[in-house]
Student: 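Structure incoming, see below.
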Amino acid sequence: QVLLAESGGGLVQAGGSLRLSCAASGRTFGSYNMGWFRQAPGKEREFVAAISRGGISTYYSDSVKGRFTITRDNAKNTVYLQMNSLKPEDTAVYYCAATISDLSNVARRTTAAINYWGQGTQVTVSS
């Protein structure tokens, strides 16, 4: 079992920035592809960003591309999501995710591919 714990959410004004962190348990953090998903009220949980096991490859949804950056530190068992130029439509609960699936293909960036989820952290962007 892998336990994931998000932190860093909060309330921010439009145009501002937040940095989310996800701390993972266990000795095998480096064996998982990691990602961030988000879910707004009344909407399905959607893909935001992903990063490969070694941290070399990254992938983003079109809605956040150029504004968000995902990174990981395998020595610290932690993945990050730097969010800049935040918009009110970014408001959602953000979930950290771990999977053994290959996320290089956009078709695999779905909740069904995720093996472990964090508890979520609320991000609210005021207009």
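The residues of the chain are indexed from 1 along the displayed sequence.
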Student: Drop me the distance from L103's CG to S57's OG, to the nearest 0.5 angstrom.
Tutor: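 OG of S57 is found 10.5 Å from CG of L103.
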Student: Can you run down the disulfide (SG to SG under 2.5 Å) pairs that involve residues 45-127, sequence neighbours left out, and say none if there aren't any?
Tutor: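 For residues 45-127, and leaving out neighbouring residues, the disulfide (SG to SG under 2.5 Å) pairs sorted by first residue read C22-C96.
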Student: Return the CE to OG1 distance between M34 and T71, rounded to the nearest 0.5 Å.
Tutor: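 Output value for this atom pair is 11.5 Å.
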Student: Using 0.5 Å steps for rounding, measure from the CZ atom of R45 to the OG1 atom of T110.
Tutor: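 The OG1 atom of T110 is 11.0 Å from CZ of R45, to the nearest 0.5 Å.
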Student: Can you list every pair that meets salt bridge (charged side-chain N to carboxylate O under 4.0 Å, His left out) and has a residue in residues 89-106, with sequence neighbours left out?
Tutor: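 Checked against salt bridge (charged side-chain N to carboxylate O under 4.0 Å, His left out) - neighbours excluded - the pairs reaching residues 89-106 are R38-D90, R67-D90.
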Student: Is a side-chain donor or acceptor of R72 paired with a backbone partner of S52 at a separation under 3.5 angstrom?
Tutor: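 It does hold such a pair.
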Student: Keeping to residues at least two apart or across chains, list the disulfide (SG to SG under 2.5 Å) pairs with something in residues 58-90.
Tutor: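 The answer is none; no pair qualifies.
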Student: With sequence neighbours excluded, tell me which residues meet side chain to side chain contact (heavy atoms under 4.5 Å, CB included) with D62.
Tutor: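 Expected list: K65.
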Student: Kindly give the heavy-atom pair with the smallest separation between L81 and A49, and that separation in Å.
Tutor: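 What the structure gives for the nearest pair is CD1-CB, 4.1 Å.
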Student: According to ring pair (Phe, Tyr, Trp, His ring centres under 6.0 Å), does anything in residues 50-95 pair up with another residue at least two apart or in another chain? List the pairs.
Tutor: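 For residues 50-95: none.
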Student: Are the side chain of T58 and the backbone of I70 linked by a donor-acceptor contact shorter than 3.5 Å?
Tutor: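 Checked: no pair found.
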Student: Once side chain to side chain donor-acceptor pair (under 3.5 Å) is applied, what residue pairs with a partner in residues 3-17 remain, sequence neighbours excluded?
Tutor: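 Residue pairs with at least one partner in residues 3-17: E6-Q119, S17-N84.
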Student: Show me, pair by pair, the donor-acceptor contacts under 3.5 angstrom made by side chains of residues 120-127, not counting sequence neighbours?
Tutor:
residue, atom, partner, partner atom, Å
T121, OG1, G9, N, 3.3
Q122, NE2, A92, O, 3.4
Q122, NE2, T124, OG1, 3.3

Student: Are I51 and Y116 in one and the same hydrophobic cluster, where Ile, Leu, Val, Met, Phe, Trp and Tyr link if side-chain heavy atoms are under 4.5 Å apart?
Tutor: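 Yes; tracing contacts between hydrophobic side chains, which count when under 4.5 Å, links both residues.
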Student: Grab the two heavy atoms, one from L18 and one from L86, that are nearest each other, plus how far apart they are.
Tutor: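 Heavy atoms only, the tightest pair is N-CD1, 3.9 Å.
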Student: Considering only residues two or more places apart or on different chains, which pairs with a residue in residues 25-37 satisfy side chain to side chain donor-acceptor pair (under 3.5 Å)?
Tutor: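 As it turns out, there is no side chain to side chain donor-acceptor pair (under 3.5 Å) pair with a partner in residues 25-37 once direct neighbours are skipped.
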Student: Would you mind listing the cluster partners of L3? Hydrophobic ones only (ILVMFWY), side-chain contacts under 4.5 Å, chaining allowed.
Tutor: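 Direct or chained contacts put L3 with none.
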Student: With sequence neighbours left out, what residues match T78 under side chain to side chain donor-acceptor pair (under 3.5 Å)?
Tutor: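 Not a single residue meets the side chain to side chain donor-acceptor pair (under 3.5 Å) criterion with T78.
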Student: Show your reasoning for whether side-chain contact (heavy atoms from CB on, under 4.5 Å) applies to R108 and V106.
Tutor: CA-CA 5 Å; R108 302 188 189 278; V106 66; over 6 Å; no
Student: Please name the pair of heavy atoms, one in F29 and one in N74, separated by the smallest distance, quoted to 0.1 Å.
Tutor: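 In terms of heavy atoms, the two residues are closest at CE2-OD1, 3.1 Å.
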Student: If the condition is side chain to side chain contact (heavy atoms under 4.5 Å, CB included), which residues does A97 pass it with, not counting sequence neighbours?
Tutor: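 Per chain and number, A97 pairs via side chain to side chain contact (heavy atoms under 4.5 Å, CB included) with F37, I114, W117.
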